[in-house]
Amino acid sequence: MQVSGALLFQLGALLAALAVLGAVSRRFALSPIPVYLMAGLSLGKGGIWPVAAAGDFLMTGAPIGVVLLLLTLGLEFSATEFAASLRHHLPSAGVDVVLNATPGAVAGWLLGFDGIAILALAGVTYISSSGVIARLLEDLRRLGNRETPAVLSVLVLEDFAMAAYLPLFAVLASGGTGLEAVAGMAVAIGALFAAFFASYYWGHHVGRLVANADSEQLLLRVLGVTLMVAALAESLHASAAVGAFLVGLTLTGDTAKRARKVLGPLRDLFAATFFVAIGLQVDPHELVPMLPVALALAVVTAATKVATGIFAARRDGVARRGQLRAGTALVARGEFSLIIIGLVGATIPAVAALATTYVFVMALLGPVLARFSGGPPPGGAAAPA
């Protein structure tokens, strides 16, 4: 087997640099996500040190990072408890759509964009980043906090909404008919609900399938099942992240505890890859012209996401400090917004440039707001509700 020296060197240098940046961030009790994003920005299109040889690995590893982040997040909860939380938070989902899709739609209308562009911006401002938020909850040790089920319910309900939105938008953006768009949306929604009910009623069989006393066997089985379920979800235009989360919900007890332990290092590696890959897709030269509009949109939608989180956490009886933590945790945008940008990048470049700048600003802003909204530094005790 021939080994690429350039790939090994670039990847090794990048991981070493991320280790230093992460250590510095944690020294100041900050999440390393913003510095990973900036590292990716400096290495991508127009960056100071392009990493062409390592680029394919980073872009391949990014979706695996999201899958692992949501899988390990699902391992923290049971399917029964989470199903009850989802039902309880249906009103939160309605508030989320109204508060966060509206600013993007209004911005598109004020800028004179057409209907497809307005729909694109509404989706970009609506959907939070499951990957960024999953890592933030881990970094800030908030998985056991009272507001966390509300945050996760909002995220999963957003992904359910995306299962309807993305097939609809993809068909319309490519010039398809309304009937084709509705048909694609119906298939995706049906597949996602079928997957959720299968996880709820028959998920215990997955636990029996993957359980094994040998750590290597456990790792291979859990990862294999998760990636296949995530791929199936993606092929049905649902969310690979939700597929992985549902697999995590099916594993309980000692199996879940051991799975978290064996998956931890792998998750951390690919999660770092995911954050670098977000920055890698952004051309720094495209950020500056759209920065004023993106910043204005970021201020508005950061406030509306905080309001969403406060509403959801209040429904769970969480105190004010916990409500604020829930709101700031939801601010970051990421992977789904980038998918939307990819669908319009070739046909509506102005929208793609604005949306890309906006997503990058929010991906940087979200972790900072979350850190200073009452949570403890990484390594500290969980904050009280």
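- Taking every heavy atom of both residues into account, Val229 and Gly243 meet most closely at CG1-O, 3.6 Å.
- Side-chain heavy atoms closer than 4.5 Å link hydrophobic residues (I, L, V, M, F, W, Y) into clusters, and following such links, possibly through other members, connects Leu251 to Leu219.
- With sequence neighbours excluded, the residues satisfying salt bridge (charged side-chain N to carboxylate O under 4.0 Å, His left out) with Arg260 are Glu76.
- Rounding to the nearest 0.5 Å gives a distance of 12.5 Å between CG of Leu232 and CG of Leu227.
- Proximity of a side-chain donor or acceptor of Arg258 to a complementary backbone N or O of Ala213 within less than 3.5 Å is detected.
- Side-chain contact check for Leu71 versus Val222: some heavy-atom pair is nearer than 4.5 Å.
- Follow the hydrophobic side-chain contacts under 4.5 Å out from Ile340 and you reach Val293 in the same cluster.
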Pair up each side-chain donor or acceptor in residues 105-124 with any protein partner under 3.5 Å, not counting sequence neighbours, and list the distances.
residue: Asp114; atom: OD1; partner: Ile116; partner atom: N; Å: 3.4
residue: Asp114; atom: OD1; partner: Ala117; partner atom: N; Å: 2.9

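- Taking CG of Leu369 as the reference point, atom CZ of Arg325 lies at 15.0 Å (rounded to 0.5 Å).
- Grouping Ile, Leu, Val, Met, Phe, Trp and Tyr by side-chain contacts under 4.5 Å, direct or through others, leaves Val171 on its own.
- Connection of Ile64 to Val210 is established within a shared hydrophobic cluster, with ILVMFWY side chains joined at heavy-atom distances below 4.5 Å, either directly or through further cluster members.
- Among Glu147, Gln323, Arg320, Lys305, the one residue that satisfies the side chain to side chain contact (heavy atoms under 4.5 Å, CB included) test with Ile310 is Gln323.
- Tyr165 is linked by a ring pair (Phe, Tyr, Trp, His ring centres under 6.0 Å) to Phe169, counting only residues two or more places apart in sequence or in another chain.
- Ser25 meets the side-chain hydrogen bond (donor to acceptor under 3.5 Å, both in side chains) test with no other residue; sequence neighbours excluded.
- Annotation for Ala326 and Gly309: closest pair CB-O, 3.7 Å, computed over non-hydrogen atoms.
- Membership of the apolar cluster around Leu291 extends to Leu295, Val361, as traced through chained side-chain contacts below 4.5 Å between ILVMFWY residues.
- At distances below 3.5 Å, at least one donor-acceptor pair connects side-chain atoms of Ser42 with backbone N or O atoms of Ala39.
- In this structure, CZ in Phe360 is found 4.0 Å from CG in Leu41, a value given to the nearest 0.5 Å.
- Summarising the geometry, atom CG belonging to Leu69 is positioned 11.0 Å from atom CG belonging to Leu263; distances are rounded to the nearest 0.5 Å.
- Contact check for Ile133 versus Val151: side-chain heavy atoms found under the 4.5 Å cut-off.
- Ala302 and Leu365 make their closest contact through CB-CD2, 4.2 Å (heavy atoms, listed as atom of the first residue, atom of the second, distance).
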(request) Kindly indicate, with the supporting measurements, whether the criterion side chain to side chain contact (heavy atoms under 4.5 Å, CB included) is fulfilled by Asp139 and Arg26. (result) CA-CA 9 Å; Asp139 283 346; Arg26 294 187 187 283; 3.3 Å; yes
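- The shortest heavy-atom contact between Ile33 and Pro367 is CG2-CG, 3.9 Å.
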Please table the atom pairs, donor to acceptor, closer than 3.5 Å between any side-chain atom in residues 264-277 and protein atoms at least two apart or in another chain.
residue: Thr273; atom: OG1; partner: Leu269; partner atom: O; Å: 3.1

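- Sorted by first then second residue, the side chain to side chain donor-acceptor pair (under 3.5 Å) pairs that include residues 351-369, not counting sequence neighbours, are Thr301-Tyr358, Arg333-Tyr358.
- In terms of heavy-atom proximity, Pro149 sits nearest to Ser85 at O-OG, 3.6 Å.
- In this structure, Thr148 has no side-chain hydrogen bond (donor to acceptor under 3.5 Å, both in side chains) partners at least two apart in sequence or on a different chain.
- No path of Ile, Leu, Val, Met, Phe, Trp and Tyr side chains, each step under 4.5 Å between heavy atoms, connects Val288 with Met290, placing them in separate hydrophobic clusters.
- Shown here are the side-chain hydrogen bond (donor to acceptor under 3.5 Å, both in side chains) partners of Thr72, two or more places apart in sequence or in another chain: there are none.
- Counting only distance, with no hydrogens or angles, the side chain of Thr250 and the backbone of Val247 share a donor-acceptor pair below 3.5 Å.
- At least one donor-acceptor pair closer than 3.5 Å links the side chain of Asp214 to the backbone N or O of Glu216.
- Annotation: side chain of Leu14 is in contact with side chain of Leu58 (closest heavy-atom distance under 4.5 Å).
- Inter-residue side-chain proximity for Val156 and Leu86 is flagged as met; some heavy-atom pair is nearer than 4.5 Å.
- When the side chains of ILVMFWY residues are joined at heavy-atom separations under 4.5 Å, either directly or via intervening members, Leu90 and Val154 end up in a single hydrophobic cluster.
- By the side-chain hydrogen bond (donor to acceptor under 3.5 Å, both in side chains) test, Ser129 pairs with Glu335, sequence neighbours left out.
- Side-chain contact between Pro32 and Leu21 is absent, with no heavy atoms from C-beta onward closer than 4.5 Å.
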(message) Test side chain to side chain contact (heavy atoms under 4.5 Å, CB included) on Thr304 and Thr125; report intermediate values, then the result.
(response) CA-CA 10 Å; Thr304 55; Thr125 59; over 6 Å; no
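- Separation of atoms CG (Leu140) and CG (Asn145) is listed at 9.5 Å; rounding is to 0.5 Å.
- What you find for Asp96 and Tyr126 is that their closest heavy atoms are OD2-CE1, 3.6 Å.
- Shown here are the side chain to side chain contact (heavy atoms under 4.5 Å, CB included) partners of Arg315, two or more places apart in sequence or in another chain: His88, His89, Pro91, Ser92, Phe311.
- In this structure, Thr226 OG1 and Leu75 CG are separated by 8.0 Å, a value rounded to the nearest 0.5 Å.
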